[in-house]
There are 2 protein chains.
Amino acid sequence: MSVQERKERERASRERLIVATARELAEQQGWDAVTTRRLAERIEYSQPVLYSHFRGKREIIGAVALEGAAEMAVALRAATSAADGPRARVTALARAYLHFAERNPAVYDAMFQLDGGLAFAHEDTPQPLKDAFAALLESLDEVAGDGVHPALFTEVFWAALHGLATLTREGRLPPEDTERRVELLVDRLAKV
Amino acid sequence: MSVQERKERERASRERLIVATARELAEQQGWDAVTTRRLAERIEYSQPVLYSHFRGKREIIGAVALEGAAEMAVALRAATSAADGPRARVTALARAYLHFAERNPAVYDAMFQLDGGLAFAHEDTPQPLKDAFAALLESLDEVAGDGVHPALFTEVFWAALHGLATLTREGRLPPEDTERRVELLVDRLAKV
DNA sequence: TCGATTGTCTAGCGGTGCTAGGATCGAGTC
DNA sequence: GACTCGATCCTAGCACCGCTAGACAATCGA
């Protein structure tokens, strides 16, 4: 059985290589540059190999999105755990979210802008996505305010952050006032 | 000179036809279905004719975006002018914004999701875009609160609406709680 | 050692945005 | 009214896209 196990290991390793390469290429040159031909060339296999791992390009994007969601959850928890008090935690959370989006634009696109074929706000939503939302909720439910459902509050807060992240990155909002916008947002939304 | 004038009229008319057809096709079947071939076929001209009006597909998207921005400005002003008092105006504004995004998804995409080659938050931003932002600002500066720059407040409020609009439409947020989210957002952000 | 299975590649399908270059048509001139 | 010539438009084609059928080679179990 050892032969088969080795093959499975190699297959899994190659799958990780595909996802990592797709992500790298997307961060370097944008998702438009991530074509199946270029991706195949970079991993030094032919195109059809990609399709033995994923149904298509969409699923590759989805895989990058899941990886990104896991990382984002870690980053958010790291930022909030280093902060003292609810108010500071929320501010740190917002900054960490926007920072992640800014530093990993391609991953952020995979998660929230592109179609990775993932289910959201659903029972069969993949765990990493649920967990990223949970990471937001953990710091937000203490500032949701009386009589406000924490999940609903988190959705609104998240939407605001998402709007800031995307509009800023696409040049729709001037980047220099980001910090002031974060402060205003936290000031108003969070019930300290 | 009359011949030339007639030709210019016909050219302008054909250009409007291109934009209207692109928009119609996008609303019917999504922007992916708006290919230069299909578009050319629908207007009953050959592909290269499109390129005598626009540099490429991107510019066609941009033209749809400008048209949409003008319509959105009208819709927002109509909604707010029918409301009494600052608080009611802001609520009406938010509802109108989300309603527009929901009813014109392709146009909304052209404006804020796709690359239409338009400059934002810039001195050479096209007038319709500036005006749409102005329509937001008109109802929002009365609730920005003391010491808060109205433009900055408008940016944050807009970002929140944009986040709600996009995340809801892509199934990232369950649609049934939209009204409660709007109320929460207005409650917290607007200084009545 | 042989047949079967698995894995990979070459080649190609129908589609995309975009463009070069030839055909056609109509306006202005004699 | 015939003719010239420039504007206008179309046919054909480029390089690329996502994806797949089918040929081929390597490896496995008997």
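Chain A is the first sequence line, chain B the second, and so forth, proteins listed ahead of strands; every chain is numbered from 1. Here the structure is a predicted model, which means the values were calculated and not measured.
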- Report the C-alpha distance between A:Phe153 and A:Trp158 in whole Å, list the side-chain angles of each, state the deciding distance to 0.1 Å, and finish with yes or no for ring-ring contact (aromatic ring centres under 6.0 Å, His included). CA-CA 8 Å; A:Phe153 180 77; A:Trp158 172 37; over 10 Å; no
When rounded to the nearest 0.5 Å, the distance separating CG of B:Leu184 from CZ of A:Phe157 is 11.5 Å
Notebook entry, point to check: Heavy-atom count around A:Asp146 CG within 6.0 Å, excluding the residue itself: above 12?
Noted result: no
#### Entry: B:Glu10 CD: over 12 foreign heavy atoms closer than 6.0 Å
yes
Nearest-angstrom distance from the residue atom [atom1] of [X] to [atom2] of [N]:
X: A:Tyr51; N: C:dG7; atom1: OH; atom2: C1'; answer: 18 Å
X: A:Ile60; N: D:dG18; atom1: CD1; atom2: C1'; answer: 11 Å
X: A:Glu10; N: C:dG7; atom1: CD; atom2: C1'; answer: 12 Å
X: B:Ile61; N: C:dC18; atom1: CD1; atom2: C1'; answer: 15 Å

Between the protein and nucleotides 13-16 of chain C, are there any N/O to N/O pairs under 3.5 Å, and if so, what are the atom names and distances?
residue: C:dT16; atom: OP1; partner: B:Thr35; partner atom: OG1; Å: 3.3
residue: C:dT16; atom: OP1; partner: B:Arg38; partner atom: NH2; Å: 3.4
residue: C:dT16; atom: O4; partner: B:Arg37; partner atom: NH2; Å: 3.4

Cation over ring, B:Arg14 on B:Tyr45, under 6.0 Å and within 45°? yes
Task: Pair B:Arg169 + B:Asp109: basic N to acidic O under 4.0 Å - done: yes
Note to self: Does this structure show an ion pair linking B:Lys130 with B:Asp124, if we count only N-O contacts that are shorter than 4.0 Å?
What the structure shows: no
- State whether the side chain of B:Thr168 and the backbone N or O of B:Leu164 hold a donor-acceptor pair below 3.5 Å, judged by distance alone. yes
Would you tabulate the pairs of protein nitrogen or oxygen atoms and nucleotide nitrogen or oxygen atoms of nucleotides 8-10 of chain C closer than 3.5 angstrom?
residue: C:dT8; atom: OP1; partner: A:Arg14; partner atom: NH1; Å: 2.9
residue: C:dT8; atom: OP2; partner: A:Arg14; partner atom: NH1; Å: 3.3
residue: C:dT8; atom: OP2; partner: A:Arg14; partner atom: NH2; Å: 3.0
residue: C:dC9; atom: OP2; partner: A:Ser46; partner atom: N; Å: 2.9
residue: C:dC9; atom: OP2; partner: A:Ser46; partner atom: OG; Å: 2.8

